[in-house]
Amino acid sequence: MATLKEIASEAEVSLATVSRVLNEDPTLSVKEETKRRIFEIAEKLEYKTSSTRKLASALPQVAKEQLHFLALYNYKQETEVNDPYYLAIRHGIETQCDKFDITLTNSYESSLEIKNPKVDGILLVGRQTKEQLKAIQKISKNIVYIDYTDHDQNFDSVDIDLARISKEVINYFMNQGYQRIGFIGGQDDENCSDIREEVFAEYGQLKGVVSESDLYRGDFSSSSGYKLAKAMLETDHANALFIASDSIAIGVLRAIHEKGLRIPEDIALISVNDIPTAKFTFPSLSTVRIHSELMGSQGVNLLLERRRDERVIPVRVYIPSKLRLRDTTKK
């Protein structure tokens, strides 16, 4: 019988890739052409799975049937225009569904008015109310959260550790010698505060560098950032700012420029997301890189795996982030 090493050698891929393809790992991101080549070589070499199936018939179940996933976004579609972070999540979902030939229905503001009532799985982007969850679970029990983790529900989730990011930014500024740090953020839901702001305030006050008067909150648009920064700059303000998103930061930059302050000499900024335009602002934004497109694609992978294996224990995935220092912070 052929070995995995022989298959990998002929397919010109790694041993790990062969193993994950033959074990139908839904989290593996590899071209369908590569998968097919591995299966064809394995069949030619008469390699069999543990259940003795021929590998030509061992293609993942998800590729044989037409699945229908519903993506429910808890915000309006125009939010994607104001903040590319959300657009990238949707792009990741759509790209992965297209890869597996999954029919996808996108629905904004968590609307359940859909044409196709048969749904094989649901992707929840953002927090949902208890009333919404009750209605959603009547449609499908296969549910994965993206950009939110509900510890009270038995759902999978793909999220970012925003609490760790807030602490990391405060620690960075403190190590740079700043003794007063402000926050400019947004709020998706008026009934739910942003974990970035919560942890920033709590941890910052514990460290003695944050006060309530230095916390500003609007929405996640550049115009909101501009208005909040204008108001802040009319007061005795902090000289280091943590900004909840790059989109907000773009507005903040404009307000600071109009005030005639120097960045980062007079005021330093760190934001979140690292959208494509972040490196082209003036000065270029120091920001925390978040792989939002990967969040979307991994959400699809989790939903596929949960449905295929009929798994009931929730899996919670945290996508790593990285602080990218550019010109809005001191060297």
Side-chain angles (χ1 to χ4, degrees), residues 20 23-29 51 58-77 79 86 88-162 188-189 191-192 195 291-319:
R20 292 177 69 183
N23 283 288
E24 304 173 22
D25 184 350
T27 65
L28 175 64
S29 180
S51 56
L59 285 167
Q61 185 78 14
V62 296
K64 293 183 179 181
E65 59 178 317
Q66 186 65 54
L67 298 178
H68 176 214
F69 284 178
L70 172 63
L72 290 177
Y73 306 88
N74 74 341
Y75 44 80
K76 296 179 180 179
Q77 188 167 8
T79 301
Y86 297 105
I89 290 178
R90 175 166 64 82
H91 186 259
I93 292 172
E94 291 176 341
T95 301
Q96 201 70 352
C97 284
D98 184 62
K99 175 193 275 189
F100 288 109
D101 194 27
I102 298 168
T103 299
L104 175 68
T105 298
N106 289 317
S107 181
Y108 293 88
E109 300 182 77
S110 301
S111 172
L112 294 176
E113 296 180 6
I114 56 176
K115 294 180 179 179
N116 185 355
K118 180 185 177 298
V119 174
D120 299 294
I122 301 177
L123 297 158
L124 303 179
V125 183
R127 183 176 181 173
Q128 307 291 327
T129 66
K130 291 182 179 179
E131 291 72 23
Q132 288 169 330
L133 286 176
K134 288 180 181 179
I136 289 167
Q137 291 181 85
K138 291 179 181 178
I139 298 176
S140 176
K141 298 297 183 183
N142 295 314
I143 296 172
V144 173
Y145 259 119
I146 298 175
D147 198 30
Y148 181 72
T149 300
D150 191 336
H151 295 282
D152 296 325
Q153 298 289 340
N154 195 37
F155 301 151
D156 291 358
S157 63
V158 182
D159 206 353
I160 325 140
D161 193 347
L162 292 173
D188 289 321
D189 184 347
N191 299 315
C192 178
I195 187 65
H291 303 277
S292 48
E293 186 168 336
L294 182 61
M295 292 170 64
S297 62
Q298 289 305 306
V300 174
N301 290 339
L302 273 182
L303 196 52
L304 285 169
E305 184 263 333
R306 183 182 182 104
R307 182 182 181 277
R308 183 198 68 188
D309 295 345
E310 298 181 347
R311 176 173 48 74
V312 294
I313 299 175
V315 171
R316 286 162 185 153
V317 177
Y318 283 91
I319 303 297

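Both backbone and side-chain heavy atoms feed into the values below; hydrogens, waters and symmetry mates do not. Quick note: residue numbers are just sequence positions, from 1.
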S.K.: Mind checking side-chain contact (heavy atoms from CB on, under 4.5 Å) for Ile139 and listing every partner two or more places apart, or none if nothing turns up?
M.R.: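 Applying side-chain contact (heavy atoms from CB on, under 4.5 Å) to Ile139 gives Leu112, Val119, Ile122.
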
S.K.: Quick check for you: to the nearest 0.5 Å, what is the distance between Phe100 atom CZ and Asn301 atom CG?
M.R.: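 Nearest 0.5 Å value for the CZ-CG distance: 5.5 Å.
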
S.K.: Which heavy atom of Arg311 sits nearest a heavy atom of Leu302, and at what distance?
M.R.: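 Between these two residues, the closest heavy atoms are NH2-O, 3.9 Å.
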
S.K.: With sequence neighbours excluded, tell me which residues meet side chain to side chain donor-acceptor pair (under 3.5 Å) with Thr105.
M.R.: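 Once residues adjacent in sequence are excluded, the partners of Thr105 under the side chain to side chain donor-acceptor pair (under 3.5 Å) criterion are His68.
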
S.K.: Going by the rule side chain to side chain donor-acceptor pair (under 3.5 Å), which residues pair with Glu94 if we only count those two or more places apart in sequence or in a different chain?
M.R.: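 With sequence neighbours excluded, Glu94 shows a side chain to side chain donor-acceptor pair (under 3.5 Å) to Arg90, Asn106, given in chain and number order.
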
S.K.: So do the side chains of Gln298 and His291 get within less than 4.5 Å of each other, counting heavy atoms only?
M.R.: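 Of all side-chain heavy-atom pairs linking His291 with Gln298, none is under 4.5 Å.
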
S.K.: Locate the shortest heavy-atom distance separating Pro314 from Asn154; write the atom from each residue and the value.
M.R.: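 Scanning both residues, the minimum pair turns out to be CD-OD1, 2.8 Å.
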
S.K.: Is any side-chain heavy atom of Ile146 less than 4.5 Å from a side-chain heavy atom of Ile93?
M.R.: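 In short, these two side chains touch, coming nearer than 4.5 Å.
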
S.K.: To check you understand the geometry: which heavy-atom pair defines the closest contact between Ala88 and Ser292, and what is its length?
M.R.: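 For Ala88 and Ser292, the tightest heavy-atom pair comes out as CB-OG, 3.1 Å.
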
S.K.: Once salt bridge (Lys or Arg N to Asp or Glu O under 4.0 Å) is applied, what residue pairs with a partner in residues 131-151 remain, sequence neighbours excluded?
M.R.: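 Sorted pair list comes back empty.
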
S.K.: Mind checking the CZ-OG1 spacing from Arg127 to Thr129? Nearest 0.5 Å is all I need.
M.R.: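 One finds 9.0 Å between CZ of Arg127 and OG1 of Thr129.
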
S.K.: Heavy atoms, side chains only, cut-off 4.5 Å: are Arg307 and Val144 in contact?
M.R.: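 Of all side-chain heavy-atom pairs linking Val144 with Arg307, none is under 4.5 Å.
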
S.K.: Could you list the residues that satisfy side-chain contact (heavy atoms from CB on, under 4.5 Å) with Lys118, not counting sequence neighbours?
M.R.: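 With sequence neighbours excluded, Lys118 shows a side-chain contact (heavy atoms from CB on, under 4.5 Å) to Asn116, Asp120, given in chain and number order.
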
S.K.: Going by the rule side chain to side chain donor-acceptor pair (under 3.5 Å), which residues pair with Arg306 if we only count those two or more places apart in sequence or in a different chain?
M.R.: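 Checked Arg306 against side chain to side chain donor-acceptor pair (under 3.5 Å); matches are Asp156.
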
S.K.: Going by side-chain contact (heavy atoms from CB on, under 4.5 Å), name the residues that satisfy it together with Gln128, two or more places apart in sequence or in a different chain.
M.R.: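 Expected list: Asn74, Ser110, Leu124, Gln132, Leu133, Ile136, Tyr145.
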
S.K.: Which residues satisfy the side chain to side chain donor-acceptor pair (under 3.5 Å) test with Lys76, sequence neighbours excluded?
M.R.: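 Side chain to side chain donor-acceptor pair (under 3.5 Å) list for Lys76, sorted by chain: empty.
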
S.K.: Would you mind listing every ring-ring contact (aromatic ring centres under 6.0 Å, His included) that reaches into residues 103-128, with sequence neighbours excluded?
M.R.: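 Qualifying pairs, neighbours excluded: Tyr73-Tyr108.
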
S.K.: When you look at Leu67 and Leu304, which way does the side-chain contact (heavy atoms from CB on, under 4.5 Å) test go after all the steps?
M.R.: CA-CA 10 Å; Leu67 298 178; Leu304 285 169; 3.8 Å; yes

S.K.: Side chains of Phe69 and Asn142, heavy atoms from C-beta outward: is any pair under 4.5 Å?
M.R.: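 Heavy-atom side-chain distance check fails, nothing below 4.5 Å.
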
S.K.: For Leu70 and Ser107, what are the C-alpha separation, side-chain angles and deciding distance, and is it a side-chain contact (heavy atoms from CB on, under 4.5 Å)?
M.R.: CA-CA 7 Å; Leu70 172 63; Ser107 181; 4.2 Å; yes

S.K.: Output all residues satisfying side-chain contact (heavy atoms from CB on, under 4.5 Å) with Thr149, sequence neighbours left out; order by chain, then residue number.
M.R.: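 Listed in chain order: His151, Ser157, Asp159, Arg316, Tyr318.
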
